2 protein chains.
Amino acid sequence: MNLNFLKTFVHVVEAGNFSRAAERVHLSQPAVSMQMQALAQDLGVELFRRRGHKLETTEAGAILYAQARRFLQDWQAVLHKLESVRQRLQGRLALGASTTPGDYLLPQLLCQFHSLHPELEVRMEVGSSEEIVSALLDGRLDLAVVGYQPQDDALEAQVVFEDQLVAVFAPDYGLARQNKVGVEDLLAQPLLQRTQGSATRQVLERALAERGYDPDDMKIIMELGSSRALLEAAARGLGVAVVSKAAAADYTDSGRLAWACVEGLELRRNFWLVQSRRLRSAAQQAFVQFLLRSDLRG
Amino acid sequence: MNLNFLKTFVHVVEAGNFSRAAERVHLSQPAVSMQMQALAQDLGVELFRRRGHKLETTEAGAILYAQARRFLQDWQAVLHKLESVRQRLQGRLALGASTTPGDYLLPQLLCQFHSLHPELEVRMEVGSSEEIVSALLDGRLDLAVVGYQPQDDALEAQVVFEDQLVAVFAPDYGLARQNKVGVEDLLAQPLLQRTQGSATRQVLERALAERGYDPDDMKIIMELGSSRALLEAAARGLGVAVVSKAAAADYTDSGRLAWACVEGLELRRNFWLVQSRRLRSAAQQAFVQFLLRSDLRG
DNA sequence: TGATATTATAATATATTTTTATATACCAGT
DNA sequence: ACTGGTATATAAAAATATATTATAATATCA
């Protein structure tokens, strides 16, 4: 029995749909299909029934779902118990990050990581992806999380976060229905943007160009140097900003901002963990393991 | 994460030894070696430490062991919960078995199976392996458990039980030290045997011949037609009998008989689940699944 | 009915797992 | 210290399992 299959199963039940579950667990749809068949065969029961397109769990499926959730949680608990004896590491670890991960994704993780290895001195440098990557090549950093995949042969990269840009605006702005806005609607609004050269801004401009829109059609009423500044301005009703969902979380969760996906634009982007291919310290390996286990990318 | 790895881990801890654990879970020793490495790597901890040849669990290993046992039990419980909704089958199932499985291995399993499918009428015929196999070929039986692998192309076979012959004798007989007796010692004793043609007897005679002993050297003082009769005679101190460990379990567990492995003889034998290759009923498939899940062979 | 959404199947590629064969390390007894 | 026995590790090959892409099948919904 493979715990991954069980995890997939839970996602299928929650998504109510094989295809969507496949996305969430980062598999192809046929892989999910195959896993569910294997699981059902292995357990000797039917797990799903289909009423037209509606996917329903059978009685057995419902039982398994309830059990599987607890079961997976229990396994997490086992892993957690092991954390306590995982060897305490000492020394230093120099991280780099571009702004979105550096400001919004990594801080909380670094806190957790620090509690696991209190003796370990962790330093994080935040800068543009290019700055960070060159520091990595110079050996000034051990590893980094940046917004693109460097093509340098000396570096190795893997996706660790998946981010999405969303439109944000004051809650009384009245723009979105069902957390969605069309591209045309967006372009009709007064926009708040990061200053030229920001990676976030580039993602938006590229996505527009990809769909045949001219980035210059945006009615930019203000250019600001940080996400934080953008969010503050948007919260004050100045206009609409397009920012990382993670960056906006503080504001959207507290209700200071409303958010919406932009329909018809591919505003997803990945953040890559990048390391040099040379020998890696135990601390570095531990941090990588920790990041991957944190499961922010599936 | 693979639950099988966890199961192997538990066996390793309990066996205190990779090689013995490998036997118990029916894997090769390198496979166990590999699994333990993979597990340790996956969890990011050392699981074992080695003081010379003595295998010790590390602190992490001890924690994992405690958790893993519960965890595997919980999984069994999940499977059990699913049993309750597994579709009740109706109809008939005609089983055959040679004497050892028919008398000692299958009865308890049939009781369990019956409680799962109360509507299903199960009939078991007990006879010599040859009789059973020919009934199978005639279609008078659906499936059977016998002591050898038939070579007929119409039949498919797989090992479901592993059995071992052991020497048994009255507890005050004073034959064995540490549950072991040498071949020479055995041959020096007055022996109780099954009548000519018994499969059990054949295993013993073949094992003797294999090692260069003449089966006629056995000092057979009585030949009896059933294991039960043999055990009763041995319990009364008449002599030593060589019988299936499973058959002797009643007597050895209650202390009415002592038992010992015969050193230097290969007295292990398999029992095979045999089925015709033609279409199988749902009941038949369910029973096979049940048998395999019962895990009497690993 | 045709367009769309969803799942299954087939062919294929990749990764994982197992086995066999062989090498290495430790221990015990001489 | 040598030697035979025992216990693990490693390497290469074979067998399985799992994944992906492309395509077909099936059911809904407009």
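If you're wondering where the values come from, they're calculated on a predicted model, not measured in any experiment. Lettering of chains follows the sequences in order, A, B, ..., and the numbering in each one begins at 1. Values below: all heavy atoms of this structure, side chains included; hydrogens, waters and symmetry mates excluded.
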Quiz prompt | Protein-nucleotide distance (Q35(A), atom CD; dT16(D), atom P), rounded to Å | solution = 20 Å
Quiz item: Nearest of dT19(C), dT8(D), dA9(D) to any side-chain atom of L27(B)?
Solution: dT19(C)
Quiz item: Roughly how far apart are L72(B) CG and L6(B) CG, rounded to 0.5 Å?
Solution: 5.0 Å
Practice problem: Please state how far atom CE in M34(B) lies from atom P in dT22(C), giving the value in whole angstrom units. | Solution: 21 Å
Exercise. Assess whether one donor atom and one acceptor atom, taken from the side chain of Q29(A) and the base of dA8(C), lie less than 3.5 Å apart.
Key: yes
Self-check item: Minimum-distance pair of heavy atoms, taken over all atoms of A157(B) and W272(B)
Solution: CB-CE3, 4.0 Å
Quiz item: Quick one: K54(B) NZ to dA7(D) P, roughly how many Å, whole number?
Solution: 9 Å
Quiz item: Just how far, in rounded Å, is P of dA17(D) from CE of M1(A)?
Solution: 15 Å
Quiz item: Is the shortest side-chain N/O distance from S19(A) to OP1 or OP2 of dT6(C) below 4.0 Å?
Solution: no
Quiz item: P30(B) or A38(B): which one's nearest nucleotide on DNA chain C is closer to the 5' end?
Solution: A38(B)
Quiz prompt | Distance in angstrom units between N4(A) CG and dA17(D) P, rounded | solution = 16 Å
Quiz prompt | Spacing of N17(B) atom CG relative to dT8(D) atom C1', expressed in whole Å | solution = 10 Å
Exercise. Answer yes or no: does a side-chain N or O of R50(B) lie under 4.0 Å from OP1 or OP2 of dA9(D)?
Key: yes
Quiz item: Within this structure, what is the CD-to-P distance between Q37(B) and dT17(C), rounded to whole angstrom?
Solution: 13 Å
Quiz item: Which nucleotide in the list dT9(C), dT18(D), dT18(C) gets nearest to the side chain of S28(B)?
Solution: dT18(C)
Exercise. Go through dT17(C), dT19(C), dT10(D) for me and flag the one nearest to the A31(B) side chain.
Key: dT19(C)
Quiz prompt | Residue F5(A), side-chain heavy atoms: nucleotide from dA10(C), dA19(D), dT7(C) that is nearest | solution = dA19(D)
Quiz prompt | dT7(C) phosphate, OP1 or OP2, under 4.0 Å from S33(A) side-chain N/O | solution = no
Exercise. Compute the ring centroids of F18(A) and F48(A), then answer whether they are less than 6.0 Å apart.
Key: yes
Quiz item: Would the F71(B) and F71(A) ring centres measure less than 6.0 Å apart?
Solution: yes
Practice problem: Specify the separation, in whole Å, of atom NE2 of H26(A) and atom C1' of dT20(D). | Solution: 16 Å
Exercise. Mind checking the CZ-OG1 spacing from F161(B) to T100(B)? Nearest 0.5 Å is all I need.
Key: 11.0 Å
